[in-house]
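Structure first, commentary second.
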There are 2 protein chains.
Amino acid sequence: MSIEVIFGKVLRNIREDKKFSQEQLAHLSELDRTYISLLERGKRRPTINTLFALCKPLGLKPSEFLGEIEKELY
Amino acid sequence: MSIEVIFGKVLRNIREDKKFSQEQLAHLSELDRTYISLLERGKRRPTINTLFALCKPLGLKPSEFLGEIEKELY
DNA sequence: CATTTTCGAAGACTATAGTCCGTAGACTAT
DNA sequence: ATAGTCTACGGACTATAGTCTTCGAAAATG
């Protein structure tokens with residue numbers, strides 16, 4: 001499975017754990033609502049800056065986020 | 001200091017540790033040589049896919065790479 | 001010294017990240 | 001039913017990631 005699809009699954013899992021809607025996360029990370037949707041469906045490849053922006057309101061380190069992706073990546 | 005500038009410093013440090021030229025790293029990661037140069041000078045914000053591509057020949061996990069950035073960021 | 005390797009930088013380009021507008025469907029509650 | 005919330009998805013954008021070519025200037029290397 002591709003990196004961006006795994007990224008989307010991880011993002012959705014974490015967001016739902018934190019009880020955020022896509023729109024709430026979009027506002028908190030200063031990104032667009034429709035873009036969060038695209039990310040979760042594996043349709044975009046975020047830059048590292050976007051990853052950092054997402055991780056801040058989710059309350060975890062970007063390195064931890066990537067760790068979750070690495071677990072799924074074989 | 002911005003994420004992309006720190007990213008560039010970390011990338012250069014790791015690349016020089018591994019005794020790679022920009023051109024060698026470019027070939028191994030299937031990226032353009034001038035783009036490696038742009039990254040190291042903090043002029044570009046790589047996607048997570050590009051980060052994974054760079055980490056493979058450098059022999060470290062993307063999460064470890066981001067860990068290095070986080071050290072400098074706080 | 002002279003030669004080679006390495007890198008910075010610019011310009012023109014293509015691909016895609018990310019925004020902004022909307023609509024429609026599923027679900028929940030009133 | 002209907003009003004509110006949430007999300008998928010579309011189209012049309014703008015901004016920027018990433019490529020390709022070239023040149024010249026540092027640094028090595030001998």
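Proteins get letters first, then strands, A, B, ... in listed order; numbering begins at 1 in each.
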Between [N] ([atom2]) and [X] ([atom1]): distance, integer Å:
X       : N      : atom1 : atom2 : answer
A:Ile36 : D:dT7  : CD1   : P     : 11 Å
A:Glu30 : C:dA17 : CD    : P     : 21 Å
A:Gln22 : C:dC20 : CD    : P     : 17 Å
A:Glu23 : D:dA8  : CD    : P     : 13 Å
B:Glu16 : D:dA27 : CD    : P     : 12 Å
B:Arg44 : C:dT14 : CZ    : C1'   : 13 Å
A:Phe20 : D:dT7  : CZ    : P     : 12 Å
B:Leu38 : D:dT16 : CG    : P     : 14 Å

C:dC7 base / B:Thr34 side chain donor-acceptor hit below 3.5 Å: no
Under the 3.5 Å rule, do the base of D:dG10 and the side chain of A:Arg41 count as making a donor-acceptor pair? no
Under a 4.0 Å threshold between the charged nitrogen and the carboxylate oxygen, would A:Glu40 count as salt-bridged to A:Arg15? yes
Could you check whether B:Glu4 pairs with B:Arg45 (Lys NZ or Arg NE/NH1/NH2 to Asp/Glu carboxylate O, under 4.0 Å)? yes
Side-chain donor-acceptor contact under 3.5 Å, B:Arg41 with B:Ser37: yes
Hey, does the side chain of [X] come within less than 4.0 Å of [N]'s phosphate (OP1/OP2), counting only N and O?
X       : N      : answer
A:Arg12 : D:dA8  : yes
B:Ser37 : C:dC7  : no
B:Arg33 : D:dT22 : no

Between CD1 on residue A:Ile48 and OG1 on residue B:Thr50, distance to nearest 0.5 Å: 10.0 Å
So CD1 of B:Ile14 and CZ of B:Phe20: to nearest 0.5 Å the spacing works out to 11.5 Å
Across the strands shown, which category fits A:Thr50 at heavy-atom distances under 4.0 angstrom: base, sugar-phosphate, nothing? sugar-phosphate
Which nucleotide, C:dT19, C:dA17, D:dT7, lies nearest any side-chain atom of B:Thr47? C:dA17
Which one is paired to C:dC7, where only Watson-Crick or G-U wobble pairs with both distances under 3.5 angstrom count? D:dG24
